[in-house]
There are 2 protein chains.
Amino acid sequence: MSKGSNHPDTKQSILDAAEFLFATQGFRGASLRAITGKASVNVAAVNYHFGSKKSLLKAVIKRRILPLNQLRRQRLEEVRERAKKKGRTPDAKDILYAFIQPTLQFRETEPGAKEFVTFIGRSFADPDNTVRKVFIQFIKPMFQLLQEAMHEALPQNTHNQIFWRLQFTMGALFHTMHICSDVTMEQLNISALDAEALTELILPYVTAGMKAK
Amino acid sequence: MSKGSNHPDTKQSILDAAEFLFATQGFRGASLRAITGKASVNVAAVNYHFGSKKSLLKAVIKRRILPLNQLRRQRLEEVRERAKKKGRTPDAKDILYAFIQPTLQFRETEPGAKEFVTFIGRSFADPDNTVRKVFIQFIKPMFQLLQEAMHEALPQNTHNQIFWRLQFTMGALFHTMHICSDVTMEQLNISALDAEALTELILPYVTAGMKAK
DNA sequence: GTCTATACGATGATAGAC
DNA sequence: GTCTATCATCGTATAGAC
């Protein structure tokens, strides 16, 4: 029997290993050799299946973020529809919940998702331009949707104000997401919290922030 | 005359170049060759003057953060003293202003500080453990001071609540700091704001967040 | 088609001779 | 202080085995 061949699905193994290592070591810090080593496949397998390290990054992000974005979009639409039926403007808190809850809940849905959440929490601040670009590409349409919905909820606020306050909200959320990585929790001496507890902590904060003054 | 010798201060030149490149390319992305090239000194000068790349990082951070932390500490003390004299508890907004205003203002104090602010905004989320560790080491005592002051301002809130809300605040602030880098501003199509405008935007948000419910 | 072994050229940090 | 050598490690390309 050979060393590590006959994988049920090589691509999947690579994606899983890459997701974990990107999250813990960063895009630059995770070498293809480390990734393929963890996945027990050959070094060249990445280039065969994905073409390049950059394309692998895109695949890692895409696999998780497309379903996540769809869920967030659907939740947002529900909030807007419900408000419309009542002839009212949507509530800021409901909009924020529709975006934040699926994000934090996602950690607990399937194995590996935890690492992914840490990773995207860091991506926006990643020093590597490649990572930031790919990430912004996926978050941008979601952010614009959020902006529109929030403008309906807070019509008295200027576009500029809503834009920046949503940025602050993203900052708080991303920070929470990457702080919840095992390594960082240890460095800061925090005990673990589940998605529900985290949501209950962050939601009043960001809602009050958005509605301030 | 030789190519690049006879620097007024080699160490200073290296620190400046490293600060800029760490901020724009990240710790891993900025090679010693790029740093010494930008500083017009020999490749080996870093190892001669600082010992290693890691020690250079510490020096870069230390140079700016020690005076910044002292200023923040002093501002915080002033707020607490002023409240004590009046026989009242300090106001949450004043505490947050004492921490945030010097941070954002710092960008405009001296050349190079702008890059530094971007850099520390990113450091907390840096995938490289080295960077995170050094950064946490410098921010931790400041955070604890903030926590104490905030507990005086909001005695009805639990320690856990104050801890997390301050984390959200840090998230919003850090995100703002690294978003204000020239590259990211371009990627997001935002126009530049000065420290005063930014402070006026973020302060109501984080204050309302801290006081929520 | 899928996967492995191996090699290539570039670039990384650092150390020793001067 | 500088110059140069060293040695590890990077992403990627290729040739061939199953």
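Below, chain A is the first sequence line, B the second, and so on; all start at residue 1.
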Original post:
If you look only at pairs with a residue in residues 52-61 of chain B, which of them pass as a side chain to side chain donor-acceptor pair (under 3.5 Å), with sequence neighbours excluded?
Top reply: B/S52-B/S55

Original post:
Does A/T10 put a side-chain nitrogen or oxygen below 4.0 Å from OP1 or OP2 of C/dT2?
Top reply: no

Subject >> Selection from D/dT12, D/dT4, C/dA13 that lies nearest to any side-chain heavy atom of B/R33 >> reply: C/dA13

Original post:
Is any side-chain nitrogen or oxygen of B/S31 closer than 4.0 Å to OP1 or OP2 of C/dG12?
Top reply: yes

**OP:** Say whether, by atom type as modelled, one donor and one acceptor occur between the side chain of A/R165 and the main chain of A/A212 under 3.5 angstrom.
**Re:** yes

Subject >> Which residues share a salt bridge (Lys or Arg N to Asp or Glu O under 4.0 Å) with A/E77, sequence neighbours left out >> reply: A/R80

Subject >> Qualifying residues under ring-ring contact (aromatic ring centres under 6.0 Å, His included), relative to A/F138, sequence neighbours excluded >> reply: none

**OP:** Identify whether the distance between the nearest side-chain nitrogen and carboxylate oxygen of A/D182 and A/K114 falls below 4.0 Å.
**Re:** yes

Subject >> Listed partners of A/F22 passing ring-ring contact (aromatic ring centres under 6.0 Å, His included), at least two apart >> reply: A/F27, A/F119

Original post:
Can you give the dot-bracket line for DNA chain C, using ( ) for pairs inside the strand, [ ] for pairs that cross earlier ones, | for pairs with another strand and . for unpaired bases, where Watson-Crick and G-U count if both distances are under 3.5 Å?
Top reply: |||||||||||.||||||

Original post:
Taking atom C1' of D/dT2 as reference, at what distance in whole Å does atom CD1 of B/I14 sit?
Top reply: 12 Å

**OP:** Let me know the distance between CD of A/Q25 and C1' of D/dC10, rounded to the nearest Å.
**Re:** 15 Å

Subject >> Contact under 4.0 Å: A/N42 side-chain N or O vs C/dA5 OP1/OP2 >> reply: yes

Original post:
When the distance from CG of A/L32 to P of D/dA13 is rounded to whole Å, what number comes out?
Top reply: 11 Å

**OP:** Would you jot down, in residue-number order, the residues of residues 44-59 of chain A having a non-hydrogen atom under 4.0 Å from DNA chain C?
**Re:** A/A44, A/Y48, A/H49

Subject >> ring-ring contact (aromatic ring centres under 6.0 Å, His included) partners of B/F143, counting only residues at least two apart >> reply: B/F163

**OP:** For B/R63, enumerate each residue passing the salt bridge (Lys or Arg N to Asp or Glu O under 4.0 Å) test, keeping only those at least two apart in sequence or located in another chain.
**Re:** B/D16, B/E19

Original post:
A/A30 near the nucleic acid: base, sugar-phosphate alone, or nothing, with a heavy-atom cut-off under 4.0 Å?
Top reply: sugar-phosphate

Original post:
Which pairs, with at least one residue in residues 196-207 of chain A and sequence neighbours excluded, count as a side chain to side chain donor-acceptor pair (under 3.5 Å)?
Top reply: A/Y205-B/T169

